[in-house]
Every structure is written in structure tokens, then in C-alpha cells.
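This is a predicted model, so every value here is computed, not measured.
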Amino acid sequence: NQSGNIRPTLTRKDNEPMTAKEHKAFIDNIQQALEISVEKTLRRKAALGESVVYAHPDGTPYTLPATEALARYLTTKQ
């Protein structure tokens with residue numbers, strides 16, 4: 001194993017490795033939960049008139065009104 005290329009094995013409750021199908025379902029559930037969380041957060045911030053902080057590709061931060069961030073996010077979800 002090369003340094004940095006270690007991938008943990010995901011296991012089920014019975015401590016057996018997940019099948020490819022189980023792993024995909026697990027990842028899909030995490031992705032869905034993250035999407036719900038992002039949308040809820042943007043909706044709450046938009047309702048409160050707040051801004052959100054993002055980063056440019058070079059790492060420099062910038063702010064965006066949550067209403068605009070929510071609109072962009074919802075556009076990308078379609």
C-alpha cells in the first residue's frame with residue numbers, strides 16, 4: 001500500500017464488508033442527506049436575510065446573499 005491510498009472497508013452491523021450494492025445505497029443516502037441539509041440551511045438563511053460564505057477556486061472567500069445562493073443551488077438540482 002502506498003501512503004495516502006488507504007481506503008477503509010465499510011462494514012455492516014454484523015461486521016461483514018458491504019456488498020457493492022449496499023455501498024452504493026449507503027453513499028446515495030449520505031448524498032441525499034447532505035443535499036437536504038444544504039437546502040434547509042440556505043432556505044433558513046434566506047428567510048433571515050443572511051449571507052453565505054463560499055470560496056473561489058484559489059481559496060479566497062466571498063459572500064453571497066442566501067437568496068441568490070439558494071436560487072443557484074435549486075437551479076443546479078434540476
- Report yes or no: does T41 contribute a side-chain atom to a donor-acceptor pair with the main-chain N or O of S37 at less than 3.5 Å? yes
- Between E22 (side chain) and T19 (backbone), is there a donor-acceptor pair under 3.5 Å? yes
Which heavy atom of [X] sits nearest a heavy atom of [Y], and at what distance?
X	Y	value
A69	Y54	CB-OH, 3.6 Å
G59	A55	O-CB, 4.1 Å
A66	A46	CB-N, 3.4 Å
E35	Y73	O-OH, 3.2 Å

- Query: For the hydrophobic clusters of this structure (ILVMFWY residues joined by side-chain heavy atoms under 4.5 Å, transitively), does one cluster hold both I30 and I36?
  - Reply: no
- Cluster link V38 to Y62, ILVMFWY, side chain under 4.5 Å: yes
- Just do the side-chain contact (heavy atoms from CB on, under 4.5 Å) check on L74 and R43 with the steps written out, would you? CA-CA 11 Å; L74 293 175; R43 286 186 183 280; 3.7 Å; yes
Can you tell me how far apart [atom1] ([X]) and [atom2] ([Y]) are? Round to the nearest 0.5 Å.
X	Y	atom1	atom2	answer
E39	L42	CD	CG	8.0 Å
K24	Q31	NZ	CD	10.5 Å
T67	R72	OG1	CZ	10.5 Å

